[in-house]
Amino acid sequence: MRVYEILKEYQIQPRHLEKIGKVYKVFSGNNVFALKETEVTKGKNLFSIYPFLYHKGFYRFVPLYPAKNGQYMILRDQKLYYLMPWLGSESRPVETNHARKMFRELARLHLLTSQEMEMDQTNIEDHFERTSGQWNKEMQYLDSWIELCEQKWYMSPFEWEFVQYYHEFQKAYEYALRTLKIWKDTMLESKKIRTVLLHGKVSLDHFVFDDKGYGYFINFDESRIGSSYQDLLPFLSNTLSTYPMNGEDCMEWLNIYMKHYPLKETELLLMKSYLAHPGFMIQLLNRYQTRVAPNHELKYTKKIQQAYWKLKNIENIIMKLEMQTES
């Protein structure tokens with residue numbers, strides 16, 4: 001078996017293996033290890049990321065073990081494997097406290113790796129034109145849908161729901177575009193941006209704890225240099241994809257993050273613009289048009305209701321952020 005061959009390179013004789021996604025939980029003697037499989041293109045990042053983090057003074061990540069030849073990666077059949085100590089979920093705190101600690105360490109990661117650089121006028125205007133152009137096309141797509149629905153004598157349940165929610169999604173697009181325009185005008189004055197080392201796949205599953213309760217990031221496979229919102233938004237989007245909620249937890253996490261890594265005005269504007277952008281609705285409309293699943297009408301009617309809940313959850317967070325900015 002390939003895994004046993006790889007573990008020999010680490011001089012480990014396993015007594016038991018458990019496969020959890022792309023990770024093998026390896027039991028050997030009194031020790032437990034995690035053997036991770038990743039793509040070659042992603043694994044190459046790790047060669048530079050870990051030394052970079054050490055150099056910057058950030059140590060809250062699970063370290064890698066070297067193989068007997070001194071290498072930290074083993075290549076087999078176009079896959080890379082690396083070995084870490086296993087930090088189990090048995091020491092995992094309750095979800096809210098888990099997220100608090102994760103956001104604090106994420107802020108430290110961004111703070112320690114932050115770099116300010118100039119952004120010329122052409123790049124600022126290009127980004128605005130490209131993004132706003134795409135969003136305006138999506139608004140036109142929504143308009144074509146509402147026209148099609150209103151021409152029908154009998155709308156499907158999905159179409160009926162869409163008609164009810166159309167103006168809400170339209171307002172979200174208008175806010176996103178308006179905020180993006182303010183971002184562009186503000187950026188043209190400062191012409192400065194900050195980049196950070198992104199984790200690339202922030203989730204509670206990728207922030208684990210040792211027996212003392214200290215938290216560590218794992219899975220830097222998709223790490224790269226970028227803007228801080230690129231780590232924040234995917235996590236917030238997934239968290240807000242649920243039943244209607246008051247958003248207090250999300251705001252607490254964002255405030256913890258911004259306490260340790262305050263966002264500049266331009267960064268906050270861009271984050272609010274992207275957060276408000278309801279592109280998930282366009283994806284849902286496209287999937288509905290190409291639907292093949294049985295009972296598709298019932299399933300997609302539920303999905304559009306969930307999309308509306310997500311929209312309102314996001315709107316709640318945006319309003320709280322706006323109130324904080326005004327105060």
Is there any salt bridge (charged side-chain N to carboxylate O under 4.0 Å, His left out) pair reaching into [range], and which pairs are they, with sequence neighbours excluded?
| range | value |
| --- | --- |
| residues 174-191 | Lys181-Asp185 |
| residues 238-249 | Glu248-Lys320 |
| residues 49-62 | Arg60-Glu105 |
| residues 127-152 | Lys152-Glu159 |

Output the distance between atom [atom1] ([X]) and atom [atom2] ([Y]), rounded to the nearest 0.5 Å.
| X | Y | atom1 | atom2 | result |
| --- | --- | --- | --- | --- |
| Arg100 | Asn255 | CZ | CG | 12.0 Å |
| Lys36 | Leu46 | NZ | CG | 8.5 Å |
| Leu197 | Phe52 | CG | CZ | 6.0 Å |
| His199 | Ile49 | NE2 | CD1 | 9.5 Å |
| Ile318 | Asn313 | CD1 | CG | 12.0 Å |
| Leu311 | Phe169 | CG | CZ | 4.5 Å |

Evaluation steps, side chain to side chain contact (heavy atoms under 4.5 Å, CB included), between Phe209 and His98: CA-CA 9 Å; Phe209 293 84; His98 189 162; 3.3 Å; yes

Taking ring-ring contact (aromatic ring centres under 6.0 Å, His included) as the test, write out the residues that go with [X], two or more places apart.
| X | answer |
| --- | --- |
| Tyr229 | Tyr274 |
| Tyr81 | none |
| Phe27 | His16 |

Test of understanding: with salt bridge (charged side-chain N to carboxylate O under 4.0 Å, His left out), list the residues that count as partners of [X], not counting sequence neighbours.
| X | answer |
| --- | --- |
| Asp77 | Arg2 |
| Glu267 | Arg194 |
| Glu161 | none |
| Glu265 | none |

Donor-acceptor side-chain pairing of Ser114 and Tyr261 below 3.5 angstrom: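 There is such a pair between these side chains.
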
Gln71-Tyr82 side chain donor-acceptor pair, cut-off 3.5 Å: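 There is no such pair (donor and acceptor under 3.5 Å, judged by atom type) between the side chains of Gln71 and Tyr82.
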
Closest non-hydrogen atom pair, Ile124 against Trp183: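 So the two residues come closest at O-CZ3, 4.1 Å.
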
Verdict with reasoning, Phe235 to Phe103, per ring pair (Phe, Tyr, Trp, His ring centres under 6.0 Å): CA-CA 10 Å; Phe235 183 87; Phe103 269 82; 5.4 Å; yes

Pair Tyr10-Ser28, side chain to side chain donor-acceptor pair (under 3.5 Å): steps then yes or no: CA-CA 12 Å; Tyr10 292 96; Ser28 178; over 6 Å; no

Pair Lys8 + Glu5: basic N to acidic O under 4.0 Å: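 Answer for the salt bridge query: no.
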
Residue pair His296, Phe158: steps toward the ring pair (Phe, Tyr, Trp, His ring centres under 6.0 Å) verdict: CA-CA 10 Å; His296 62 267; Phe158 178 91; 9.7 Å; no

Aromatic ring proximity Tyr216/Phe61, centre distance under 6.0 Å: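 Distance test on ring centres: not under 6.0 Å, no.
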
is_close_aromatic(Tyr65, Phe33), centroid dist under 6.0 Å: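 Distance test on ring centres: under 6.0 Å, yes.
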
Of all pairs that satisfy side chain to side chain donor-acceptor pair (under 3.5 Å), the ones with a partner from residues 231-244, not counting sequence neighbours: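 Counting only pairs at least two positions apart or across chains, the side chain to side chain donor-acceptor pair (under 3.5 Å) contacts touching residues 231-244 are His110-Asp231, Ser237-Lys310, Ser241-Lys310.
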
Side-chain (Arg224) to main-chain (Leu198) donor-acceptor, under 3.5 angstrom: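 Here the side-chain-to-backbone pair does not exist.
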
More than 12 heavy atoms from other groups under 6.0 Å of OH on Tyr141: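 It does: Tyr141 OH has more than 12 such atoms within range.
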
